Enquirer: 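The following block contains the structure, expressed as structure tokens.
Quantities reported herein were computed from a predicted structural model and do not represent experimental measurements. Per chain, numbering begins at 1; letters A, B, ... match sequence-line order.
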Protein chains: 2
Amino acid sequence: MGRGSSVLTRENGPQPADFADVRATNLAVVLRHLRTHAPCSRADIAATTGLNKATVSSLVTDLIDRRLVREVGMTENRIGRPAVMLVLDGSPYAAVGLEINTDYLTAVALDLAGERLLSWRRAFTGTAGQPGQAIAALAALARRTVSKLSHDGRRVLGLTVAVPGLVDADGVVELAAGLGWQRVDVRKSLLAALGEPGYPLLVENDANLAVLAEQRLGDQSGAGDLVYLTGGASIGAGIISDFRLLRGARGFAGEFGHLPLDPAGPACGCGRRGCLEAYAGVGAVIRRALPDVGIETALSPSEFGPHMDEIQRLAKSDDPHVLAALTETGGHLGHGIAILANLINPACVVLGGYFTELAPWLIPAASSELAARSAAADSGGTIIVASALDSSAAAAGGATRVLDAIDAGLLPTPR
Amino acid sequence: MGRGSSVLTRENGPQPADFADVRATNLAVVLRHLRTHAPCSRADIAATTGLNKATVSSLVTDLIDRRLVREVGMTENRIGRPAVMLVLDGSPYAAVGLEINTDYLTAVALDLAGERLLSWRRAFTGTAGQPGQAIAALAALARRTVSKLSHDGRRVLGLTVAVPGLVDADGVVELAAGLGWQRVDVRKSLLAALGEPGYPLLVENDANLAVLAEQRLGDQSGAGDLVYLTGGASIGAGIISDFRLLRGARGFAGEFGHLPLDPAGPACGCGRRGCLEAYAGVGAVIRRALPDVGIETALSPSEFGPHMDEIQRLAKSDDPHVLAALTETGGHLGHGIAILANLINPACVVLGGYFTELAPWLIPAASSELAARSAAADSGGTIIVASALDSSAAAAGGATRVLDAIDAGLLPTPR
DNA sequence: CTTAGTTCGTTTACCGTCCCAACTAAAGAC
DNA sequence: GTCTTTAGTTGGGACGGTAAACGAACTAAG
């Protein structure tokens with residue numbers, strides 16, 4: 001392949017192009033077309049993409065050699081020569097995503113077509129401030145996952161780890177409040193623990209990965225401007241703008257939970273006052289909706305689930321106090337989303353995590369608050385929806401990230 | 001040239017690549033290298049970019065044919081064969097940027113190397129709600145500018161209009177509160193008024209263009225994550241993230257002035273309460289710093305200049321009331337910038353417009369507020385600086401935008 | 001002055017990729 | 001059975017980047 005990145009970009013530094021780049025780009029074009037339009041024929045691809053029929057034939061041959069694409073039969077009952085239908089060949093490859101969170105580890109594997117191969121979840125007694133143990137557990141899960149996939153005859157194309165915290169470009173976790181981590185080089189440690197595996201291993205913020213999953217696997221698939229809000233122990237935003245993840249200069253973009261709303265507001269776990277999280281975080285929601293939960297009691301992450309289930313149950317039975325609490329929470333959330341909408345103008349904000357199941361009660365209040373606080377008419381077109389994915393969104397996003405790299409032209413070598 | 005965009009991208013839709021794209025990419029690589037490293041030789045370019053010497057020769061010949069590059073003499077007193085030095089040829093082309101604002105029109109033209117060819121400013125008695133007249137005045141200015149450049153033997157490569165308001169992707173101004181505009185198709189009207197000129201004509205938000213100017217011409221040249229804040233009648237943010245303008249789904253990103261801070265805050269011109277603009281906008285600054293200016297009096301944009309000069313004079317003479325007012329303003333600005341920093345994590349926030357001259361007094365307070373409210377340590381690396389450009393930043397950015405298109409590979413045809 | 005060494009830029013041959021047009025292939029339509 | 005229609009392949013041509021060899025133009029040193 002070419003000199004550096006295999007796809008031509010319009011970025012800053014001089015990045016010359018050669019034929020290998022053209023080839024990689026066009027292979028990726030065919031692959032992406034097949035992902036969204038499969039099954040279809042070579043002629044279809046040529047007509048839709050504008051590539052020449054001969055070029056498509058050559059590209060498809062190449063993709064079949066790499067076992068990325070498979071022929072699956074022919075069209076029938078149509079005038080003219082029958083077409084050979086093509087699909088992505090899921091079978092020989094797998095993309096892996098892992099998530100580490102305060103109280104669980106998750107592993108998800110997808111095949112090339114985005115079909116879920118496995119989805120494991122493991123309770124995890126948070127080893128606060130003990131990154132070593134957590135990484136060992138993560139490595140064990142990774143090994144089990146990779147081994148299962150290898151046993152099924154699949155080659156792992158890459159592995160991405162989701163971490164709820166600030167992750168820099170080199171895979172170092174600068175800060176993960178929920179885990180009690182600071183400056184932990186997860187990528188390096190995990191690479192060592194796995195014995196320098198051959199596939200690419202990356203570490204990324206959980207919200208960033210969740211938004212990738214939502215873009216590819218959720219209802220918003222294909223959206224170019226999209227935000228995902230995690231509703232876990234903290235509130236993070238994964239932002240896709242113009243089809244690209246927004247990371248910021250140091251990779252710290254999307255710190256939604258600690259948006260400073262009101263310097264005189266309630267105390268936040270981060271030591272400041274008036275953070276959005278203090279208004280709309282899971283802890284705030286529970287305390288507001290369930291008066292029985294003492295203010296003084298520190299909530300442990302493992303208690304969130306039962307409490308949230310209880311809130312949902314009460315909301316379903318139209319408990320007035322809970323409904324009012326959710327309306328208030330939705331309003332605060334809408335306030336934060338309005339800030340987001342004014343700055344980023346996404347087409348859609350997806351409520352994830354614990355927000356997902358409460359979405360029916362949160363969204364009306366949030367939407368009206370958003371409308372009231374948007375500079376642009378019609379909220380600038382931003383809508384708020386519930387996530388279509390479950391709590392494995394971040395892990396699924398980790399696998400998605402691997403697939404995105406394939407789609408961008410980083411194809412696996414023929415053998 | 002190729003099928004669509006002339007540069008290969010990794011974007012969503014299938015965008016096949018062919019030879020023309022490779023050529024355009026490499027021509028642009030040479031051009032960009034020459035822009036930043038001129039004067040230099042063919043051999044330098046080949047060594048630095050990684051392109052083959054023969055390829056560079058071919059590319060340079062092409063660029064010389066297009067009159068984009070010029071040979072400018074030889075190296076001396078060096079061992080080995082002397083090298084022919086190359087520079088960008090500024091002379092045959094020009095890029096034009098126009099700005100319309102509440103009380104003035106501006107025209108700026110740059111040559112290919114970014115040197116300023118002309119810089120015109122014209123007082124403009126705001127024709128509120130009369131877009132027709134404003135566009136006629138704009139067209140007249142455009143005609144004069146283009147005619148002057150043509151008279152100097154220059155070909156206009158493109159023209160971009162900066163408008164202080166929400167501009168969609170088609171050049172329609174959805175809303176420009178300061179101008180009293182709503183749904184004005186500036187691009188179409190101006191194209192008609194200019195008789196469908198041959199060069200590309202675009203309309204863009206003023207803050208978006210100013211940040212482009214800051215990136216290319218200002219102190220932050222080359223930065224990939226950068227925000228520019230306009231300090232005019234309203235506060236807009238132009239955001240560059242990962243080397244690209246952040247526009248949002250409908251092009252409405254960067255509505256910084258109407259960030260909703262406090263629902264119980266002071267009334268804002270937009271009809272809401274507690275917008276950042278109501279705390280840190282020019283009007284708020286003037287009223288806070290100059291008690292003589294009555295609260296009831298509506299400030300007209302043409303009064304801003306004298307008032308701000310007065311504030312600056314008083315600040316220089318250490319007037320305690322003005323210093324306190326600026327510190328308070330800087331704090332509010334820092335609050336807003338903290339929100340920005342938490343969501344976008346830029347490397348740098350540039351204070352433009354009227355903020356520029358007050359920056360020495362605003363920045364300390366803003367920086368400490370930013371530090372106090374940032375989730376990431378060290379404010380996530382975000383620093384606040386004063387703009388190095390004058391009030392023509394947006395217009396200069398319009399011209400810059402044209403140069404960016406050239407740098408991205410959209411070269412003018414040989415004749 | 002001559003020779004060696006260095007660097008620049010071009011020339012030449014080559015290769016890979018895409019495009020076009022012509023071709024073969026395989027079905028239904030009449 | 002022939003014609004029409006559509007699918008996919010083949011061969012030729014063009015283009016552009018690569019590599020190595022070459023001539024050009026200079027300095028350094030004997």
Enquirer: Which nucleotide, D:dG17, D:dT9, D:dA19, lies nearest any side-chain atom of A:Lys53?
Expert: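 My answer, after comparing the listed nucleotides, is D:dT9.
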Enquirer: Can a side-chain donor-acceptor contact be found between B:Thr49 and B:Arg32 if the only test is distance below 3.5 angstrom?
Expert: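 The answer is no; no qualifying pair exists.
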Enquirer: Check this one for me: any side-chain N or O of B:Asn26 less than 4.0 Å away from OP1 or OP2 of D:dG17?
Expert: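 For D:dG17, OP1 or OP2 has a side-chain N or O of B:Asn26 closer than 4.0 Å.
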Enquirer: Under the salt bridge (Lys or Arg N to Asp or Glu O under 4.0 Å) rule, collect the residues that match up with B:Asp89, sequence neighbours excluded.
Expert: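 Listed in chain order: B:Arg70.
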Enquirer: Nearest whole Å is fine: how far is D:dC15 C1' from A:Asp18 CG?
Expert: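 It is 14 Å, rounded to the nearest whole Å.
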Enquirer: Could you please name the option among D:dG8, D:dC15, C:dC20 that lies closest to any side-chain atom of B:Phe19?
Expert: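 Among D:dG8, D:dC15, C:dC20, the one nearest the side chain of B:Phe19 is D:dC15.
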Enquirer: Which listed nucleotide (C:dC19, D:dT18, D:dA7) is nearest to the side chain of A:Ala43?
Expert: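 Of C:dC19, D:dT18, D:dA7, D:dA7 is nearest to the side chain of A:Ala43.
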Enquirer: Think A:Thr55 has a side-chain N or O under 4.0 angstrom from the OP1 or OP2 of C:dC19?
Expert: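 It does, given that an N or O in the side chain of A:Thr55 lies less than 4.0 Å from OP1 or OP2 of C:dC19.
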Enquirer: Output the distance between atom CG (A:Leu68) and atom CG (A:Leu63), rounded to the nearest 0.5 Å.
Expert: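 Nearest 0.5 Å value for the CG-CG distance: 6.0 Å.
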Enquirer: Is A:Asp404 salt-bridged to A:Arg216, going by a charged N under 4.0 Å from an acidic O?
Expert: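 The answer is yes: the pair qualifies as a salt bridge.
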Enquirer: Is a donor-acceptor pair below 3.5 Å formed from side chain B:Arg81 to base D:dA25, judging by atom type as modelled?
Expert: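 Checked by distance alone, the answer is no.
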Enquirer: Can you measure B:Leu59 atom CG to D:dG16 atom P for me and round it to whole angstrom units?
Expert: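 For the pair B:Leu59 CG and D:dG16 P, the rounded distance is 10 Å.
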Enquirer: Round to a whole Å and report the spacing from CD of A:Glu71 to P of D:dA7.
Expert: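 In whole Å, D:dA7 P lies 15 Å from A:Glu71 CD.
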Enquirer: For A:Met85 and D:dG8, give me the distance from atom CE to atom C1', rounded to whole Å.
Expert: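 Answer to the nearest Å: 14 Å.
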Enquirer: Out of C:dG16, D:dT10, C:dT7, which nucleotide sits closest to the side chain of B:Ile79?
Expert: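 Nucleotide nearest to B:Ile79's side chain: C:dT7.
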Enquirer: What pairs with A:Asn208 under side-chain hydrogen bond (donor to acceptor under 3.5 Å, both in side chains), at least two apart in sequence or on another chain?
Expert: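 So A:Asn208 forms a side-chain hydrogen bond (donor to acceptor under 3.5 Å, both in side chains) with A:Glu204.
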Enquirer: Under 4.0 Å from OP1 or OP2 of C:dG9: is there any side-chain N or O of B:Ser41 that close?
Expert: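 So the side-chain polar atoms of B:Ser41 do come within 4.0 Å of the phosphate oxygens OP1 or OP2 of C:dG9, strictly under.
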Enquirer: Counting any heavy atom closer than 4.0 Å, what does A:Ala83 reach on the DNA or RNA strands: base, sugar-phosphate only, or nothing?
Expert: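 Sugar-phosphate contact only.
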Enquirer: Looking at B:Arg23, does any N or O in its side chain come under 4.0 Å of the phosphate oxygens OP1/OP2 on D:dG17?
Expert: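 Looking at the OP1 and OP2 atoms of D:dG17, one of them is under 4.0 Å from a side-chain N or O of B:Arg23.
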Enquirer: Take atom CD1 of A:Ile64 and atom P of D:dG8, then tell me their distance rounded to the nearest Å.
Expert: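 Rounding to the nearest Å, CD1 of A:Ile64 and P of D:dG8 are 11 Å apart.
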Enquirer: To the nearest angstrom, how far is B:Arg42 atom CZ from D:dA24 atom P?
Expert: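 Whole-Å distance recorded here is 17 Å.
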Enquirer: Between C:dA27, C:dG9, C:dC20, which nucleotide gets closest to the side-chain atoms of A:Pro82?
Expert: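 Comparing C:dA27, C:dG9, C:dC20 against the side chain of A:Pro82, the answer is C:dA27.
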Enquirer: Could you tell me the separation between the CE atom of B:Met74 and the P atom of D:dT27, rounded to a whole number of Å?
Expert: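 Roughly 12 Å, once rounded to whole Å.
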Enquirer: Kindly say if B:Asn52 contacts the phosphate of D:dG17, meaning a side-chain N or O under 4.0 Å from OP1 or OP2.
Expert: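 So the side chain of B:Asn52 is outside the cut-off, no N or O lying under 4.0 Å from OP1 or OP2 of D:dG17.
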Enquirer: Checking all strands, does B:Val84 fall into the base, sugar-phosphate, or nothing category for heavy-atom contacts under 4.0 angstrom?
Expert: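 Sugar-phosphate, no base atom in range.
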